[in-house]
Protein chains: 2
Amino acid sequence: MSTEERLERAMRLCTGRGARLTPQRARVLRILIEAERPLGAYEILAEMAGGQRALAPPTVYRALEFLLAQGLVHRLETLNAFIDCRHPERPHPAQFLICSACGRVVEIDDEAIAARLLDAASQSGFAPSRKVVEVIGVCEGCR
Amino acid sequence: MSTEERLERAMRLCTGRGARLTPQRARVLRILIEAERPLGAYEILAEMAGGQRALAPPTVYRALEFLLAQGLVHRLETLNAFIDCRHPERPHPAQFLICSACGRVVEIDDEAIAARLLDAASQSGFAPSRKVVEVIGVCEGCR
DNA sequence: TACAAAACGTTATATTGTATCTTTTCGTCA
DNA sequence: TGACGAAAAGATACAATATAACGTTTTGTA
Ligand SMILES: [Zn+2]
Ligand SMILES: [Zn+2]
Ligand SMILES: [Zn+2]
Ligand SMILES: [Zn+2]
């Protein structure tokens with residue numbers, strides 16, 4: 001699926017929800033899609049600055065906040081970075097494999113893990129709202 | 001298990017490994033144990049400053065680095081905070097339930113989750129080194 | 001066209017984490 | 001015991017990440 005197709009899908013999703021994927025927000029999403037790796041907020045900022053007047057951090061953080069809320073991107077807690085979601089149509093357990101050698105990230109959405117986690121939380125009387133699962137390791141290509 | 005007992009256990013573990021739990025490091029560990037909640041590095045720093053000359057951030061970060069390496073504390077990625085481990089005798093899957101209302105954190109060590117996660121990683125050709133599992137939600141008492 | 005809400009711009013600042021170099025402490029062994 | 005090298009701690013400066021606060025522009029709508 002091409003960058004353009006993904007952007008169009010994102011636009012459809014947003015309009016369908018009454019949310020506005022403004023040019024600014026779409027630009028941040030495009031940068032993340034084209035990067036094909038997680039980017040820090042300030043990396044995105046640097047990308048956006050290229051070619052026009054410099055923008056300030058809140059611009060990027062606000063766009064990211066929107067994109068996160070729409071499920072179009074995920075935040076990687078262990079990297080303080082952001083990555084676009086490959087299937088943002090519906091909410092899903094967001095679980096990540098992060099290669100510490102090449103930096104590449106794979107999103108897996110294993111329902112069994114999510115279910116087991118929910119189960120464990122319930123046993124402790126816990127009502128989960130967000131599940132962070134990030135596995136740091138070395139990918140196949142890097143071994 | 002009392003604070004003193006935990007500190008003694010930590011000391012035993014370290015000496016048994018040829019690692020040095022210096023007064024400085026023990027102090028950081030004590031602060032974390034007595035807090036009974038996760039603390040940020042700068043919160044620890046503030047605690048340590050009480051009563052004597054101010055210390056600098058690297059002091060705390062270095063102590064934390066040591067304590068993390070010894071498995072005496074864990075880092076909570078979603079909070080940028082640290083918490084002492086209740087059973088540091090051996091390595092274990094560190095999974096956390098974090099209450100967004102009261103801030104309390106429960107460490108669960110569910111081998112099934114860890115195994116399922118390892119399985120999923122293997123299927124993607126991934127050799128995991130560290131697994132971060134943090135569930136944000138609302139605890140029983142806060143509902 | 002007026003209006004209110006949402007989005008955006010701008011400045012300043014808060015929070016978290018490191019790099020680097022110096023000084024001190026500690027264990028080891030001549 | 002005293003010299004020595006390694007580990008730890010002190011100190012300064014700074015980098016990286018994130019948000020507060022407030023004013024301006026844009027946008028959809030009545
Ligand atoms: Zn996703
Ligand atoms: Zn790799
Ligand atoms: Zn633990
Ligand atoms: Zn609670």
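A, B, ... follow the sequence lines: proteins, then strands. Residue 1 opens every chain. Hydrogens, waters and symmetry mates play no part in the numbers below; they use all other heavy atoms, side chains included.
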Inspect the surroundings of CZ in A:Arg130 and state if more than 12 heavy atoms from other residues, nucleotides or ligands are less than 6.0 Å away.
-> yes
DNA chain D contacts among residues 15-23 of chain B, heavy-atom distance under 4.0 Å = B:Arg20, B:Thr22
Do the side chain of B:Arg62 and the base of C:dG17 come within less than 3.5 angstrom through a donor-acceptor pair of N or O atoms?
-> no
B:Arg143 atom CZ, neighbour heavy-atom count above 12 within 6.0 Å = yes
Quick one: does A:Arg75's side chain get under 4.5 Å of A:Asn80's, heavy atoms only?
-> yes
Side chain proximity check, B:Phe96 to B:Ile83, heavy atoms < 4.5 angstrom | yes
Rounded interatomic separation in angstrom, taking CD from A:Gln24 and C1' from C:dA6 | 14 Å
Under 4.0 Å between any heavy atoms, over every strand shown, what does A:Arg25 touch: base, sugar-phosphate, or nothing? Just pick one.
-> sugar-phosphate
Using atom names, set out every protein N or O paired with an N or O of nucleotides 14-19 of chain D below 3.5 Å, distance rounded to 0.1 Å.
from, atom 1, to, atom 2, distance (Å)
D:dA18, OP1, A:Arg75, NH1, 3.0
D:dA18, OP1, A:Arg75, NH2, 2.6
D:dA18, OP2, A:Tyr61, OH, 3.0
D:dA18, O5', A:Tyr61, OH, 3.4
D:dA18, N7, A:Tyr42, OH, 2.6
D:dA18, N6, A:Tyr42, OH, 3.3

Close side-chain approach of A:Arg25 to A:Leu72, heavy-atom, < 4.5 Å | no
Lys/Arg N to Asp/Glu carboxylate O, B:Arg9 vs B:Glu89, below 4.0 Å = yes
Name the residue closer to the 5' end of DNA chain C, choosing between A:Ala56 and A:Ala63 according to the nucleotide with the nearest heavy atom.
-> A:Ala63
Separation of D:dG10 atom P from B:Leu55 atom CG, nearest Å, is 6 Å
To the nearest angstrom, the CZ-P distance between A:Phe66 and C:dA5 comes to 19 Å
Contact check, side chains of B:Glu77 and A:Val132, non-hydrogen atoms, under 4.5 Å | no
Euclidean distance, atom CD1 of residue B:Ile44 to atom P of C:dT15 [Å, nearest integer] = 16 Å
Give a yes or no on this: more than 12 heavy atoms of other residues, nucleotides or ligands lie within 6.0 Å of atom CD of A:Glu5.
-> yes
If only side-chain N and O atoms of B:Thr59 are considered, is one of them under 4.0 Å from the OP1 or OP2 phosphate oxygen of D:dG10?
-> yes
Where the side chain of B:Gln95 meets the backbone of B:Asp110, is there a donor-acceptor pair that is under 3.5 Å apart?
-> yes
